[in-house]
Undergrad: 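This is the structure I want to talk about, given as structure tokens.
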Number of protein chains: 2
Amino acid sequence: MSVPAEEIERRVQALSAGIQDAGLRLTHQRLEIVREVAGSKTHPDVETLYRGVRKRMPTVSLDTVYRTLSVLTERGLIERVTATAGPARYDGNPFPHHHFVCTRCGLVRDIDDANTDAIPPTKQTDSLGEVESIQIQYRGVCAACRQAATSSN
Amino acid sequence: MSVPAEEIERRVQALSAGIQDAGLRLTHQRLEIVREVAGSKTHPDVETLYRGVRKRMPTVSLDTVYRTLSVLTERGLIERVTATAGPARYDGNPFPHHHFVCTRCGLVRDIDDANTDAIPPTKQTDSLGEVESIQIQYRGVCAACRQAATSSN
DNA sequence: GTTACTGCAAACTTTTTGCACGACA
DNA sequence: TGTCGTGCAAAAAGTTTGCAGTAAC
């Protein structure tokens with residue numbers, strides 16, 4: 001149920017290229033952090049990514065994880081997940097997609113690009129600015145939380 | 001260009017009722033905080049709301065603003081804005097709506113309920129859980145940022 | 001009259017920053 | 001070889017919590 005190896009590879013390629021195209025250095029640390037975030041489907045927070053990277057690179061520092069994620073986000077290569085409260089979480093999938101969000105436990109999972117052509121810009125959006133992309137949040141209760149609620153009733 | 005008085009009133013009513021229906025006390029502090037958040041269309045952060053409330057109630061504390069916003073959010077009466085990084089921002093509109101988000105400056109504005117029937121749950125969402133609501137983020141560049149970019153080119 | 005809420009202060013968590021050393025292009 | 005990036009440490013920012021007094025119901 002993890003991200004398929006070839007998909008991880010595709011993401012790592014896109015992110016690595018993005019770093020180098022921006023004239024930035026692709027250091028060992030950055031590559032490992034890219035691998036970690038690209039290989040996760042849970043949209044982890046910085047601390048979790050840090051622990052994951054340290055398994056392969058024990059000397060990496062938390063600051064570097066913060067800084068690398070900032071760099072990637074500033075360049076638009078990855079996104080901060082804007083769906084949950086608490087510590088920042090990151091989305092290592094650099095291709096367009098949407099999110100399912102569990103309102104109970106904060107689980108976030110990617111949803112492939114839906115038919116966003118069905119959602120045209122409106123008069124309201126037109127008066128505010130130019131819409132460049134549309135992201136949908138499907139909010140609800142995940143299977144695990146649903147089961148937990150059922151069995152305790 | 002602010003929220004119309006009757007709309008503010010409608011929101012304050014809904015939020016006040018929500019507090020009391022939950023068996024909580026509608027204190028002066030809570031009412032002023034509700035007024036502040038319901039009257040703003042900018043989705044302000046806690047510090048900004050605090051300053052606004054203090055104009056009318058100089059003795060209110062920042063903690064109480066934090067606590068009241070937490071209470072309102074936990075009860076599902078208002079929502080934390082899940083669109084921007086940085087300090088938490090709150091959306092005092094308790095009725096269904098969507099958001100336009102400027103990716104440059106972080107401006108967030110409400111968009112009236114679009115035709116979300118055009119976005120049915122998918123096989124993917126079905127396998128993750130039950131979708132209860134759909135929120136659309138229209139992302140782009142707001143008029144002010146667009147103008148700033150144009151005039152500096 | 002109870003009990004929940006508030007203000008104050010302190011603590012805690014998360015994130016950012018300055019600096020000197022080390023490594024990438 | 002020059003410059004960008006890293007690790008360390010300290011600081012800053014944002015948020016939460018314990019406690020005693022106060023106010024809502």
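Lettering of chains follows the sequences in order, A, B, ..., and the numbering in each one begins at 1.
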Undergrad: Once you round it to whole Å, what is the distance between P of D/dC4 and CD of A/Q20?
TA: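 Spelled out: CD on A/Q20 to P on D/dC4 is 16 Å.
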Undergrad: Which nucleotide in the set D/dC25, D/dT17, C/dA25 lies at the smallest distance from any side-chain heavy atom of B/D63?
TA: D/dT17
Undergrad: C/dT15 phosphate, OP1 or OP2: any side-chain N/O from A/Y66 under 4.0 angstrom?
TA: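 For C/dT15, OP1 or OP2 has a side-chain N or O of A/Y66 closer than 4.0 Å.
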Undergrad: Starting at atom CG of A/L31, determine the distance to atom P of C/dC24, rounded to an integer number of angstrom.
TA: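 Computing the A/L31:CG to C/dC24:P distance gives 11 Å.
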Undergrad: Under 4.0 Å between a side-chain N/O of B/H28 and OP1 or OP2 of D/dA24, yes or no?
TA: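 So the side-chain polar atoms of B/H28 do come within 4.0 Å of the phosphate oxygens OP1 or OP2 of D/dA24, strictly under.
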Undergrad: With a 4.5 Å cut-off on side-chain heavy-atom distances among I, L, V, M, F, W and Y, is there a chain of contacts connecting A/V81 to A/I33?
TA: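 They do not share one cluster, since no chain of ILVMFWY contacts under 4.5 Å joins A/V81 to A/I33.
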Undergrad: Can you tell me if B/R30 touches the phosphate of C/dC5, counting only side-chain N or O atoms and a distance under 4.0 Å to OP1 or OP2?
TA: yes
Undergrad: Below 4.0 angstrom, N of the basic side chain to O of the carboxylate: do B/R10 and B/E6 qualify?
TA: no
Undergrad: What is the distance, rounded to the nearest whole Å, between atom CZ of B/R89 and atom C1' of D/dT15?
TA: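 About 18 Å, once rounded to whole Å.
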Undergrad: Using only side-chain N and O atoms of B/Q29, determine if any of them is under 4.0 Å from OP1 or OP2 of D/dA23.
TA: no
Undergrad: Nearest-nucleotide wise, let me know which of A/M57 and B/P87 is further upstream toward the 5' end of DNA chain D.
TA: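 It is A/M57 whose nearest nucleotide is closer to the 5' end.
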Undergrad: What integer distance in Å separates B/D45:CG from C/dT15:C1'?
TA: 16 Å
Undergrad: What about A/R25: does its side chain form a donor-acceptor pair under 3.5 Å with the base of D/dT3?
TA: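 Looking at the base of D/dT3, it does pair with a donor or acceptor on the side chain of A/R25 (distance under 3.5 Å).
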Undergrad: Examine distances only and state if a side-chain atom of B/R139 and a backbone atom of A/I134 form a donor-acceptor pair shorter than 3.5 Å.
TA: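 Not confirmed, B/R139 side chain does not pair with A/I134 backbone.
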Undergrad: Would you say CZ of B/R56 has more than 12 non-hydrogen atoms from neighbouring residues, nucleotides or ligands within 6.0 angstrom?
TA: yes
Undergrad: If we ignore hydrogens and angles and just use 3.5 Å, is the side chain of B/T82 paired with the main-chain N or O of A/A83 as donor and acceptor?
TA: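 No, because the side chain of B/T82 does not come within donor-acceptor range (under 3.5 Å) of the backbone of A/A83.
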Undergrad: Take atom CD of A/E47 and atom C1' of C/dT16, then tell me their distance rounded to the nearest Å.
TA: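 Spelled out: CD on A/E47 to C1' on C/dT16 is 15 Å.
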Undergrad: Mapping A/L62 and A/R67 to their closest nucleotides on DNA chain C, which lands nearer the 5' end?
TA: A/L62
Undergrad: Using atom CG of A/L69 as one end and atom C1' of C/dT14 as the other, report the distance to the nearest whole Å.
TA: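 Taking atom C1' of C/dT14 as the reference, CG of A/L69 is at 14 Å.
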Undergrad: Rounded to the Å, how far apart are A/L26 CG and C/dA23 P?
TA: 16 Å
Undergrad: Between A/T64 and D/dG5, is there a side-chain N or O to OP1/OP2 distance below 4.0 Å?
TA: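 The answer is no; no side-chain N or O of A/T64 sits under 4.0 Å from OP1 or OP2.
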Undergrad: Without decimals, in angstroms, what is the distance between B/I19 CD1 and D/dA24 P?
TA: 14 Å
